[in-house]
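See below for the structure under consideration.
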Amino acid sequence: MVRIVETEAYVPGDAASHAFRGETARNRSMFLRRGHAYVYVIYGRSYCLNVSSETPGVGAAVLLRAAEPLAGVELMEARRACHDGRLLCSGPGRLARALGVTRWHDALDLCARGPLWLAAGRPPEAIGTSVRIGLTREAARPLRFFDAASLVLSGPRRLNEHKP
DNA sequence: AAGAAGATTCGCT
DNA sequence: GCGAATCTTCTTA
């Protein structure tokens, strides 16, 4: 279980969004009702976990960039082959890896008690914003959020519970 | 059918 | 700090 600490938004009409050019086989879950998982492979090495954030048919999602490990740390360390708490979930790919999230989790409803879900957390008042990072387009938009700790995420309990 | 680009990570200098 | 690794998807010929 982790507390989400940093996220980044990809909104409708956003040239940097995977959904910008319409729905495809890969980004299909971005168009699901808000609260569904959108998982994709980046640079052939890492998975990125997003949460769809709009009404059905509208492509938008929030990328989970970093989190704070709360429970099941041993398992996450095993998946990541890393024993530095600071680095365990600091980065989209690292976070997904630590939670054992793969393409298998794509399109899951994160608002239902399934293998992966979101729980209500803190109110959004204290959330800070900044520009997005690592982008080549639309990079200057203030759609990156810090201390976005309003959600708690629970993942699979066993190592490699969900293979790709 | 082929090629370039990409919301990253890791290791080496 | 920089560059390679690595592969899927979309674009262009």
Side-chain angles (χ1 to χ4, degrees), chain A residues 2-55 57-69 72-73 75-108 110 116 118 124 127-151 153 155-156 159-160 162-164:
Chain A
V2 304
R3 186 195 327 278
I4 298 168
V5 179
E6 183 184 339
T7 65
E8 208 162 70
Y10 292 87
V11 297
D14 186 345
S17 172
H18 286 172
F20 185 59
R21 288 176 181 80
E23 186 174 338
T24 66
R26 175 174 70 155
N27 67 20
R28 188 173 326 288
S29 39
M30 286 186 81
F31 293 78
L32 296 174
R33 193 185 66 249
R34 61 177 69 89
H36 286 74
Y38 166 46
V39 184
Y40 69 93
V41 180
I42 184 67
Y43 293 110
R45 4 184 93 235
S46 317
Y47 289 101
C48 286
L49 172 60
N50 302 249
V51 183
S52 67
S53 55
E54 271 292 344
T55 46
V58 180
V62 171
L63 169 67
L64 274 34
R65 295 202 67 90
E68 173 190 341
V73 175
L75 181 51
M76 291 193 277
E77 288 182 338
R79 289 205 189 91
R80 289 262 298 113
C82 163
H83 295 276
D84 185 332
R86 275 260 132 71
L87 296 174
L88 198 54
C89 299
S90 64
R94 297 204 262 239
L95 171 58
R97 177 71 79 97
L99 289 170
V101 166
T102 69
R103 207 35 205 172
W104 185 92
H105 298 82
D106 188 61
L108 280 182
L110 302 182
L116 185 70
L118 294 163
I127 297 177
T129 65
S130 176
V131 296
R132 294 182 293 188
I133 58 179
L135 300 193
T136 55
R137 288 181 300 199
E138 297 276 3
R141 296 232 224 164
L143 293 172
R144 181 170 166 229
F145 304 95
F146 301 104
D147 302 320
S150 55
L151 300 169
L153 192 66
L159 192 61
N160 296 327
H162 302 300
K163 298 267 173 100

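The structure presented is a predicted model; accordingly, all values stated were derived computationally and were not measured. Below, read A as the first sequence line, B as the second, and so on, with proteins coming before strands; counting in each chain starts at 1.
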(request) For DNA chain B, produce a single dot-bracket line, 5' to 3'. Pairs: Watson-Crick or G-U wobble, both distances under 3.5 Å. Symbols: ( ) within strand, [ ] crossing, | other strand, . unpaired. (result) ||||||.|||||.
Scan nucleotides 10-13 of chain C against the protein and return all N/O pairs shorter than 3.5 Å with their distances rounded to 0.1 Å.
unit_1	atom_1	unit_2	atom_2	d
C:dC10	OP1	A:T24	OG1	2.5
C:dT11	OP1	A:R21	NE	3.2

Protein-nucleotides 7-9 of chain B N/O pairs under 3.5 Å:
unit_1	atom_1	unit_2	atom_2	d
B:dA7	O4'	A:Y10	OH	3.2
B:dA7	N9	A:Y40	OH	3.4
B:dA7	N7	A:A16	O	3.4
B:dA7	N7	A:H18	NE2	3.3
B:dA7	N6	A:H18	N	3.4
B:dA7	N1	A:N50	OD1	2.6
B:dA7	N3	A:Y40	OH	3.0
B:dT8	OP1	A:R65	NH2	3.2
B:dT8	OP2	A:G134	O	3.4
B:dT9	OP1	A:P92	N	3.2
B:dT9	OP1	A:G93	N	2.7
B:dT9	OP1	A:R94	N	3.1

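Separating the OG1 atom in A:T7 from the CG atom in A:L64 is a distance of 7.0 Å, to the nearest 0.5 Å. The CZ atom of A:R97 sits 11.0 Å away from the SG atom of A:C82 when rounded to the nearest 0.5 Å.
A:R80 contributes a side-chain N or O that, together with a main-chain N or O of A:L88, makes up a donor-acceptor pair within less than 3.5 Å. The main-chain N or O of A:R34 is never found under 3.5 Å from a side-chain atom of A:S53 such that the two would form a donor-acceptor pair. The main-chain N or O of A:S90 is found under 3.5 Å from a side-chain atom of A:R94 such that the two form a donor-acceptor pair. A:N27 contributes a side-chain N or O that, together with a main-chain N or O of A:T24, makes up a donor-acceptor pair within less than 3.5 Å. One N or O on the side chain of A:S52 and one on the backbone of A:G35 form a donor-acceptor pair closer than 3.5 Å.
Rounding to whole angstrom units, CZ of residue A:R103 and P of C:dT8 are separated by 11 Å. When the P atom of B:dC10 is taken as reference, atom CG of A:D84 falls 11 Å away, rounded to whole Å.
Nucleotides C:dA4 and B:dA4 have their P atoms positioned 16 Å apart, rounded to a whole Å.
Counting only heavy atoms from C-beta outward, the side chains of A:T102 and A:V39 never approach each other to under 4.5 Å. In this structure, A:L95 and A:V101 have side chains that are not in contact, with every pair of non-hydrogen atoms separated by 4.5 Å or more.
For the 3.5 Å distance criterion, the side chains of A:H18 and A:Y38 qualify, holding a donor opposite an acceptor.
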